[in-house]
Amino acid sequence: MQQGNKGQQTVVETVNGKGQEAMAERASRMETGSGSATPIHPQRSGGNPQGRKILLGVLAVLAAGGIGSWMVSHWGLEETDNAQLQADLTEISSRVAGMIVRVPVQDNQEVKPGDLLVLLDPRDARARLLQAQADLVAAEREALAMRAQAGSTASRADAAGNEALAAQQSASGELARAAANLRRLDSLVREGGVSQQEVDQARASFLKAQGDFTSSRASRQSAQASLSQVGVDVQKAAAAAAKVQQAGAAMARARLELSYAQIVAPSPGRVGARTAEPGRQVQPGEPLMTLVSSTPWVEANFKETQLEALYPGQNAEVRIDAFPGRVLQGRVVSIAPASGARFALLPPENATGNFTKVVQRVTARIALDPRLDPAIKAKLVPGLSANVRVRHR
């Protein structure tokens, strides 16, 4: 038994010795960096407090940097996503009734001012123009005749008046001479210087001169009546001249209606909502198409709490949802004189007892930079959603 125990002890010591030699060799390899043995770390019970502090510090610095960057980018900035692109929409319609014979434009086509959009049948308007021209010629000839008649009447009345005046003056002189001769003979007949027959002849001459004077007065009055007729003829000539002007205005209107047969573009833009087709009968004011202006702008609706920081002339940044990542430059042109609720079809009435306070919106009009890329500008159609930033500091 003692020999067995000694043998076991010898084996254990041999194993322990070899284990210690192996551990020593492994440690030497780890120190020299050679070998593929995996280092054995002691078990950690409480972690590394210093590493945790470093990690928390790094996270705090990153958070502070992010907050600072956000504050720098948003400081003094008014922003709204309640914005849309707008443009002038001109409804094209006819000013006269007629039938469409040609429509040379298509939907989405770009046009320039003066380009033909719709052509109406011009035959009716051309006939009215010819009738107006004929009426004008007739009125001019009638006015010329009335003017000549008034001139002739005035000349005759003037001659008759001069003649009547001369006759009246002659009759007046003869009457005065006859009256003086009669008075002289009356005084002589009482003295016996002349006979009664001579006195009677002088009295007859006086009576005749008196009748001639009365007749000359009547002629003078007739001449004056002729002068009043001249006034009537002059008024008729003036009325004829007014008819000439009326006929001229009718001809101008007929010419204008003939020009309305050609409906042209009033401004540059693109054609949309076209309903005009050849052969269609149209009435005045009936919409045929819509012309969308090629110069859009942005209507940004800011909250009333942002209104104090807005004023015309501010620079603005516009981001269109249809072009993500692209920033368009603009400028605040004007601010609406009332909130959107005031311009609504049914403005709210806050005195009815059911008042609920709502943050109002005020519209700011923003003009885009005219140096915008034409390829982008061609795609900026009214109604697109936008985000607007206005920096006031």
Side-chain angles (χ1 to χ4, degrees), residues 69-70 72-93 100 102-119 262-278 287-303 306 309-336 340 361-393:
S69 176
W70 184 90
V72 169
S73 61
H74 289 76
W75 179 256
L77 191 69
E78 300 298 339
E79 182 177 4
T80 180
D81 59 357
N82 188 350
Q84 283 188 336
L85 275 175
Q86 299 291 346
D88 291 325
L89 303 179
T90 304
E91 191 176 78
I92 303 299
S93 60
I100 299 175
R102 189 159 64 95
V103 183
V105 296
Q106 301 297 327
D107 276 322
N108 308 327
Q109 179 177 337
E110 189 170 353
V111 296
K112 301 184 296 297
D115 286 352
L116 181 63
L117 302 179
V118 178
L119 178 62
Q262 295 184 354
I263 304 175
V264 299
S267 59
R270 289 200 296 168
V271 176
R274 183 178 69 90
T275 59
E277 295 293 343
L288 302 176
M289 63 185 65
T290 300
L291 188 63
V292 182
S293 172
S294 57
T295 306
W297 70 86
V298 178
E299 284 189 356
N301 301 305
F302 288 92
K303 298 179 181 179
Q306 298 173 296
L310 298 177
Y311 56 86
Q314 287 176 304
N315 293 327
E317 295 179 355
V318 180
R319 291 172 172 81
I320 308 297
D321 292 356
F323 305 97
R326 188 179 294 271
V327 179
L328 307 181
Q329 300 300 320
R331 181 175 58 85
V332 178
V333 177
S334 60
I335 299 174
R361 295 275 182 168
V362 180
T363 303
R365 179 166 177 164
I366 299 173
L368 297 176
D369 191 344
R371 298 169 296 180
L372 189 64
D373 185 1
I376 298 297
K377 186 176 181 181
K379 298 179 181 179
L380 295 181
V381 297
L384 294 182
S385 298
N387 184 287
V388 176
R389 290 182 177 182
V390 176
R391 190 176 299 278
H392 57 87
R393 294 186 182 180

Work out which heavy atom in Ala300 is nearest to a heavy atom in Ile366; give both atom names and the distance.
CB-CD1, 4.1 Å
Closest non-hydrogen atom pair between Pro266 and Pro113, with its separation
O-CB, 4.4 Å
Find the distance between CZ (Arg102) and CG (Leu117) and round it off to the nearest 0.5 Å.
11.0 Å
Rounded to the nearest 0.5 Å, what's the gap from CZ on Phe302 to CG on Leu310? Could you check?
5.0 Å
What closest approach, in Å, do Lys112 and Ala265 show between heavy atoms, and which atom pair accounts for it?
O-CB, 3.5 Å
For Arg270, which of Val381, Val111, Val105 qualifies under side-chain contact (heavy atoms from CB on, under 4.5 Å)?
Val381
Could you pull out all residues at least two apart from Asp107 that satisfy salt bridge (Lys or Arg N to Asp or Glu O under 4.0 Å)?
none
Interatomic distance, Ile100 atom CD1 to Leu119 atom CG [nearest 0.5 angstrom]:
9.5 Å
Tell me every residue that passes salt bridge (Lys or Arg N to Asp or Glu O under 4.0 Å) with Arg274, counting only those two or more places apart in sequence or in another chain.
Glu277
For Val388 and Val298, work out which heavy atoms get closest and say how close.
CG2-CG1, 3.9 Å
Quick one: does any side-chain atom of Thr275 pair with a main-chain N or O of Leu288 as donor and acceptor, under 3.5 Å?
yes
Could you give the distance from CZ (Arg389) to CG (Asn315), rounded to the nearest 0.5 Å?
15.0 Å
Validation row: Val118, Ile92 side chains within 4.5 angstrom (heavy atoms)
no
Closest approach of Ser293 to Ala87 (non-hydrogen atoms, all atoms of both residues)
O-CB, 3.9 Å
Sub-4.5 Å side-chain heavy-atom contact between Leu380 and Leu368
yes
Would you say Leu89 and Glu91 make side-chain contact, with heavy atoms under 4.5 Å?
no
Rounded to the nearest 0.5 Å, what separates atom NZ in Lys303 from atom CG in Asn301?
12.0 Å
Under a 4.5 Å cut-off applied to non-hydrogen side-chain atoms, are Val333 and Trp297 in contact?
no
With distance as the sole test, does Gln306 use its side chain to make a donor-acceptor pair with the main-chain N or O of Glu79 at under 3.5 Å?
yes
Looking at NZ of Lys377 and CZ of Arg371, how far apart are the two atoms once the value is rounded to the nearest 0.5 Å?
12.5 Å
Say whether, by atom type as modelled, one donor and one acceptor occur between the side chain of Ser334 and the main chain of Arg365 under 3.5 angstrom.
no
If we only count heavy atoms from C-beta on, is the Arg326 to Ile320 side-chain gap below 4.5 Å?
no
Which heavy atom of Leu384 sits nearest a heavy atom of Lys379, and at what distance?
CD1-O, 3.7 Å
With sequence neighbours left out, write down each residue that passes side-chain contact (heavy atoms from CB on, under 4.5 Å) with Ala309, or none if nothing qualifies.
Glu78, His392
